[in-house]
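Step one of this worksheet: look at the structure below.
All figures in this text were calculated on a predicted structure; none of them were measured in a lab.
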Amino acid sequence: MTLKALSGVYKSIISPVFLASDWRQTYDSLNAPNVPTHRVSPGFHLAATTFNQQDVMPMLSSSRILAAVSPVIFFLLTAGLPSDLNVAKTFANPGDQHELTICPGTDDQPRALTAATRGIPTPKEQTGRTAKTTHKTAIEMADSSCQVSEVPTAEAPSSASETRRNVLFIMVDDLRPQLGCFGKSFMHSPHIDELAKHGSLFERAYCMVPTCGASRASMMSGLRPHAQRFVSYTARADQDAPGFTTMNQHLKRNGYRTISLGKIFHFPDDSASGWSEKPWRPTTSNYRKKKAEKKAIAEHRKKYPKRVKVRGMPYEASNADESEYRDHQIATRAVEHLNALKDIDSPFFLAVGFFKPHLPFCAPQKYWDLYDFDSIQVPENYRKPPAAPKGAIHQSPELRSYASIPPKGSLSTYQARKLIHGYYACVSFIDQQVGRLVKALEKTGLSENTVIILCGDHGWQLGDHGMWNKHSCFETSMHTPLIVSVPGAHHTSTVGGRITALTELIDIYPSVCELTGTKKPDHLQGVSFVPMLENPSLAGKPHAVGRYRSGDTIRTDQFRLSEFRSENGSGETIGSMLYDHRTDPDENLNIADREQQQSTVAGLLDALRKTTPRSVE
């Protein structure tokens, strides 16, 4: 077969089917569900549209087609691919050899407002490190970040020569908005306050489930919880939502180096295929005073012999070196990674999870010294709220497992104040670690192209409503800090970028996709908050929805309504509570049964039930 004949066969058969220059036309005409990657020759990769079996077999069964295609394939293997095809050559360096996928460039739900038109600098406008490629190809015009399948693929570098933003993602366990930047002027949190000053602070961000495992699994998967999914602290994304791509998996398959240090998922091996290296956590224990710990446990067992599980004291102040604390060790490890990451070519997603201020409240003495114990008082609503339905209040079982805490009943005022003091100390200790990360980011020069996202996984009751935990549907459990800093961003409508719109933690996943120029997976149930980074005065979503055990809760601009049902939230209604935040921000007076509020209750229940799934999807 002559070269001219080969070219004719290529143009008439191969090109329009397998290598169409107009990807959308070919993709739509064949109704392909995804676009897998196929290796063509040792130096090249191309993407081929997926065919149904009934479409492919008749073509392959034709001897005439096979006769025509075979020499073309041989020609391509020996002579190389035509220069005008949408292909990407592998990188010269062995460490850079990853597979690239050519995908349709359209989004299923096009954004009405792009980052470029909002004034948020796009990756192309940034300065800083640029992902290296050997040459520019037509793939740069396409969306190389489209989701190919729900199964994690090989880590791939950026297909474009433009800079792709890095992400430093900081999670703080059990962090309520107990920070100076949230109006708590007596708190010592200068580093987080400074981050908020130069970034955007979301004043009303809410978790999906106020317990560690479930909150993190929901946030990282981008899926809402329901009565059978993301229920307890042991929840896992890979078990509760199998087949759905988590944020780390999605970024990894789109060319990011993904790293987990400390506590990101509740279990380190949850969705572990989405990390470029094995998730790391220090094995350091909470307590520095080992003898005091053992003594406290022994005394508690003697006083309460029926107690099976007993931990040490719920708080500890120590003069031990800060480097002996695991959160300091996590920050140190993160700084080491940043120093190394500045020299790599691919963008990174560095997730750093701090354990404090989770119980026990153990922190170096100097952070306790920042607060005057005599000035610390219990909250004004240090009592069970009247008319609270069954399921709304409990005895804080997590705290009850610590030495010196009675198995039931109220704590002494002294114990309550010590717990509050310890929580404050832990917040300031973590603030110092956040400062170390930001300083390292600036020192390495990575701050010029790195988005910083800081959030808690949920709130915490510091005696509010007589509880010491996060396990409830009250505002104090659901409300958590969210601060986002985008390099080069500027605020035009609100000083400091304070955002009052309602936001949910499942909004982080789609927002990270937009900030990194990565196509959003179709399954995401959150909404990107990127438009509000440029214009903090935008209204945002009409409500934030979450749940805990038997209760489902909805927060609007004015109200919080919680409905409690039997069978872990899937059965009959057993009670509800409604609070008006304009007149009762501390949620002390339940007005759900008032006649004049019944239309409000009905409307909120309708929105709640439409938003929260009732069964496994």
Side chain to side chain contact (heavy atoms under 4.5 Å, CB included), that's the test. Do M171 and V352 meet it? Break it down for me. CA-CA 6 Å; M171 284 202 75; V352 183; over 6 Å; no
Test side chain to side chain contact (heavy atoms under 4.5 Å, CB included) on V451 and S485; report intermediate values, then the result. CA-CA 6 Å; V451 175; S485 176; over 6 Å; no
Steps toward side chain to side chain contact (heavy atoms under 4.5 Å, CB included) verdict (V512, L251): CA-CA 9 Å; V512 167; L251 289 172; 3.9 Å; yes
Step by step, work out the side-chain hydrogen bond (donor to acceptor under 3.5 Å, both in side chains) result for T500 and E203. CA-CA 5 Å; T500 61; E203 294 185 345; 5.4 Å; no
Between S276 and F349, does a side chain to side chain contact (heavy atoms under 4.5 Å, CB included) hold up when you go through it step by step? CA-CA 10 Å; S276 300; F349 175 74; over 6 Å; no
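Closest of all the heavy-atom pairs between M219 and C455 is SD-SG, 4.4 Å. Across every non-hydrogen atom of I330 and G353, the tightest pair is CD1-O, 3.5 Å. Of all non-hydrogen atoms in D270 and W275, the two that sit nearest each other are O-NE1, 4.4 Å. Among all heavy-atom pairs drawn from C473 and T553, the shortest one is O-OG1, 3.7 Å. Closest heavy-atom contact between V601 and A592: CG2-O, 3.8 Å. Closest heavy-atom contact between L578 and N590: N-OD1, 2.8 Å.
The salt bridge (charged side-chain N to carboxylate O under 4.0 Å, His left out) contacts involving residues 241-251 comprise nothing, where partners must be two or more places apart or lie in separate chains. Residue pairs meeting the ring-ring contact (aromatic ring centres under 6.0 Å, His included) criterion with at least one partner in residues 431-456, sequence neighbours excluded, do not occur; the list is empty.
Counted by atom type alone, D507 and T503 present zero donor-acceptor pairs between their side chains at under 3.5 Å. Side-chain contact of R436 with T332: a donor-acceptor pair under 3.5 Å is present, judged by distance alone. Using a 3.5 Å distance cut-off with no hydrogens or angles, the side chains of H465 and Q461 do not pair a donor with an acceptor.
K439 contributes atom NZ, which lies 13.5 Å from atom CG of L338 (distance to the nearest 0.5 angstrom). Considering CG of L175 and SG of C426, their distance stands at 11.0 Å, rounded to 0.5 Å. Remark: S428 OG to I192 CD1 distance equals 9.0 Å, nearest 0.5 Å. The distance from atom CG of L437 to atom OG of S447, rounded to the nearest 0.5 Å, is 13.0 Å.
Within the 4.5 Å cutoff, the side chain of W460 has no heavy atoms near those of the H358 side chain. Proximity of M577 to F564: side-chain heavy atoms (C-beta onward) are separated by under 4.5 Å at one or more points. T611 places a side-chain heavy atom less than 4.5 Å from the side chain of R224. Contact check for L341 versus I259: side-chain heavy atoms found under the 4.5 Å cut-off. The shortest distance between side-chain heavy atoms of H328 and Q433 falls below 4.5 Å. Contact of the V231 side chain with the P225 side chain is not registered, since no non-hydrogen atoms from C-beta on lie closer than 4.5 Å. Residues I554 and E563 have side chains not in contact (no heavy-atom distance under 4.5 Å, counting atoms from C-beta outward). Using a 4.5 Å heavy-atom threshold, the side chains of L350 and N166 count as separate.
The salt bridge (charged side-chain N to carboxylate O under 4.0 Å, His left out) check on D606 picks up K610, with sequence neighbours excluded. Shown here are the side chain to side chain donor-acceptor pair (under 3.5 Å) partners of E277, two or more places apart in sequence or in another chain: R257, H337. Considering only residues two or more places apart in sequence or on other chains, F230 meets the ring pair (Phe, Tyr, Trp, His ring centres under 6.0 Å) condition with none of them. H191 pairs by the ring pair (Phe, Tyr, Trp, His ring centres under 6.0 Å) definition with nothing, not counting sequence neighbours. With sequence neighbours left out, the side chain to side chain donor-acceptor pair (under 3.5 Å) criterion links N588 to N381. Qualifying salt bridge (charged side-chain N to carboxylate O under 4.0 Å, His left out) partners for D464, counting only residues two or more places apart in sequence or in other chains: R176. Applying the side chain to side chain donor-acceptor pair (under 3.5 Å) test to S215 and every residue at least two apart in sequence or in another chain returns nothing. Looking at residues two or more places apart in sequence or on another chain, you find a side chain to side chain donor-acceptor pair (under 3.5 Å) between T246 and N248, Q249. Judged as a salt bridge (charged side-chain N to carboxylate O under 4.0 Å, His left out), and not counting sequence neighbours, D327 has no contacts.
Using a 4.0 Å cut-off between a side-chain N of Lys or Arg and a carboxylate O of Asp or Glu, D174 and K356 do not qualify as a salt bridge. Checked for salt-bridge contact, R229 and D240 miss the test: no charged N lies under 4.0 Å from a carboxylate O. Between K520 and E514 there is no salt bridge, since none of the side-chain N atoms of the basic residue sits less than 4.0 Å from a carboxylate O of the acidic one. Ion pairing between D457 and K470 fails under the 4.0 Å rule for side-chain N and carboxylate O. Between R560 and D580 there is no salt bridge, since no side-chain N of the basic residue sits under 4.0 Å from a carboxylate O of the acidic one.
The aromatic rings of H479 and F182 stand perpendicular to each other, their planes meeting at an angle above 60°, with 30° marking the opposite boundary. Note on ring orientation: taking the six-membered ring where Trp is involved, the planes of F202 and F529 are tilted (angle from 30° to 60°).
Remark: of the listed residues H458, E504, E475, E475 is the sole one forming a side chain to side chain donor-acceptor pair (under 3.5 Å) with Y206.
Separation of the H581 and F559 ring centroids does not fall under the 6.0 Å cut-off.
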Donor-acceptor list for residues 260-269 side chains, cut-off 3.5 Å, not counting sequence neighbours:
| unit_1 | atom_1 | unit_2 | atom_2 | d |
| --- | --- | --- | --- | --- |
| K263 | NZ | D173 | OD2 | 2.7 |
| D269 | OD1 | R236 | NH1 | 2.9 |
| D269 | OD1 | R236 | NH2 | 3.3 |

